[in-house]
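In what follows, chains are A, B, ... by sequence order, proteins preceding strands, each numbered from 1.
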Amino acid sequence: MKRSKALSLLLMGSMTAASAGCGTDRADEGMYTFTSLNECVTSAVFTEAECRELAMNALAETPRFSSREECEARFGVGVCDGAPATVPGQVGDGDGAQVQQHSGGMWMPMMMGFMAGRFLGGGGMMQGSQGLYRDPAGQQGQQGRSFRTAGGETVRADATGRVTNLSQRMTQSMGHNAKPVMGRSGSGARGGGFAGGGGGGS
Amino acid sequence: MRRIPVEPRPGWRRIAEDNGFFFHHVDGDVYWDESACYALTLEEIETGLEDPAQELADMCLDLAADIVNSEELLDRLRIPPFLWDMVRDSWRRNEPSLYGRFDFAFDGHGPAKLYEYNADTPTALYEAAFFQWLWLEDCLKLGVLPEGADQFNSIHERMRECFASFLDSGNLKGRMHFASMKDTEEDRATVEYIMDCAAQAGVDGKRIYMEDIGVDGQGLFIDPDGEAVHWLFKLYPWEYMWRDDFGRFLPGSDTTFVEPAWKMALSNKGMLPLLYERHPGHPNLLPAWFHDVAKAPPVNDYVLKPLLSREGANIFVFKDHRQVFATDGVYGDEGYIGQALCPPPFVDGQGPVCGVWIVGGKSCGLGIREDKSPITGNLSRFIPHFIEGNKE
């Protein structure tokens, strides 16, 4: 086969070009689950740019494994998506030339969504995110939904997506990517020196 | 290679938009056109396109080594002297390249002929890598395409691997910024697609715009949050950067760019005559030369292209040394190259141009664009392709 075996986009798609404006209750402590970028944006808890960054950070921290077996051992059977690398075929080899190649571990659990929100951390109010994966024991229903984190904790959310069993361990595991909610003060830097030239691409 | 009318998928526009593809029409004209497709045999793909593109990609690396080490050649390509050290250093540090696209005239009869190499900011990546793949899978499910149909397209997998290799090499530390210009839907989608591939490989990405890049007190590039820009994927041509106000900060910056600075040596039509000088008579190369108004071109029918140009601008077509066609544009100050005329093969009144993708140095996919005019510009339509299954 000369095409990719499985494709998925995690951040693109289901995004409308224009989205809701700024969030409400900006300094509010709270943690929410989102099953898509779009859900995050329409929730108006975060701006679109914040949603992108939170989703990206969550995705970047998704554990990666060099085999399906290792991934399934931790996340459960059928949950792991892999694109084992295909080395483009040698001349005339056709389908026979697919070789599994190690490139940093390309098996990962399929992300069902991400949790993001604000919590009190060392530096005051912090904002962070982490990936959510299938909860083997969970069910999705009208009462809410449940997931598990990469660390194995169960996350339960009510019908509005708000996490109902927030624990300190959960917020601690978001420590790597969390940052203070308050923005920086002016840095005195200058911008706008690029892109005088018009459109790119060829 | 055949052009076959096919039934578009029901609701394909919605499918496109659900997948973040909003530029399926451009200025009211269809850009993604699935009312037809191209059918190629495996032999046509492998012998006709994949292998030649791989060979050319390797030849281009040898050529880049010659160019970066020669001030005469850097000057001939009109790369400004203040960037020469940066170009050389980026080559010597072996800064990795992500991608490029070779455009060929090809119809399955005779060797593919190289029009040009889009080595810096190739477009139509998302359409080729992702949406074309989705089209094939959907058409197989719908029974529109014969069972066993395949596609020359492992671009997406190669992108993921390539970003993973950036991490494995230990070069990519901290976060990578991904920049395009504001207010272009096509570039937005392309950058987000690339960022998605990178994220799937574990790269911590941050989306910014070229316009918002700043410099700090030491002249180093920073993003709007004041964070250092150490790794920058830019969907923005090198020659625009060097002309911009901030171009003067490039040589002193501590930013590593993708595509790397050494790609300036290949993202220049001057590479066509240089490649031809080194490989005269190569079956996939058209005769090419540096145009000199004082000298008669070596052939009667030819095309003049600016050293630096995009999207089919400022192209002049000559037959029997008389100009028969020209496109407008703002390029050309740096001089022109000439290339023997080779019109796209006409298949059902359409002129397909085959774009073969190189990702991480490997030939890995095909996107076909067609146009009714002899120059493939930014209004060409993208037509999906498939590989016909083996007939027993």
* Asked: For the side-chain contact (heavy atoms from CB on, under 4.5 Å) test, which of B:H156, B:Q151, B:E157 pairs with A:R3?
  -> B:Q151

* To do: Measure the spacing between CD of A:E53 and CG of B:D225 and express it to the nearest 0.5 Å.
  => 7.0 Å

* Structure fact -> Counting heavy-atom pairs under 4.5 Å with chain A, the top scorer among B:D245, B:L167, B:N153, B:D183 is B:N153

* Asked: Which residues satisfy the ring-ring contact (aromatic ring centres under 6.0 Å, His included) test with B:F23, sequence neighbours excluded?
  -> B:F21, B:Y31

* Asked: chain A heavy atoms under 4.5 Å from B:F221: which part of the residue, side chain, backbone, both or neither?
  -> side chain

* Compare every heavy atom of B:S154 with every heavy atom of A:S4, then report the nearest pair and how far apart it is. => OG-CA, 3.3 Å

* **Exam field: side chain A:R64 to backbone B:Q200, donor-acceptor pair closer than 3.5 Å** => yes

* Less than 4.5 Å apart, any side-chain heavy atom of B:R175 and any of A:N57? -> yes

* Structure fact -> When the 4.5 angstrom heavy-atom criterion is applied to B:A189 and chain A, the contacting part is both

* Structure fact -> So, the part of B:L134 with a heavy atom under 4.5 Å from chain A: the answer is neither

* Structure fact -> What one should report as the nearest heavy-atom pair of B:D150 and A:K2 is OD2-N, 2.6 Å

* Asked: Within the side chain of B:D204, is there an N or O that forms a donor-acceptor pair under 3.5 Å with the backbone of A:A60?
  -> no

* Selection from B:R243, B:M210, B:E43 maximising heavy-atom pairs under 4.5 Å formed with chain A -> B:M210

* To do: Flag the one option from B:D196, B:D212, B:V203 with the top tally of heavy-atom pairs under 4.5 Å to chain A.
  => B:D196

* Structure fact -> Applying a strict 4.5 Å limit to non-hydrogen atoms, the region of B:E137 in contact with chain A is side chain

* To do: Look at the rings of A:F194 and B:Y236 and say which category their plane angle falls in: under 30° parallel, 30 to 60° tilted, over 60° perpendicular.
  => perpendicular

* To do: Quick one: list whatever passes side-chain contact (heavy atoms from CB on, under 4.5 Å) with B:S169, sequence neighbours left out.
  => B:N171

* To do: Mind checking the CE-CE spacing from A:M56 to B:M195? Nearest 0.5 Å is all I need.
  => 3.0 Å

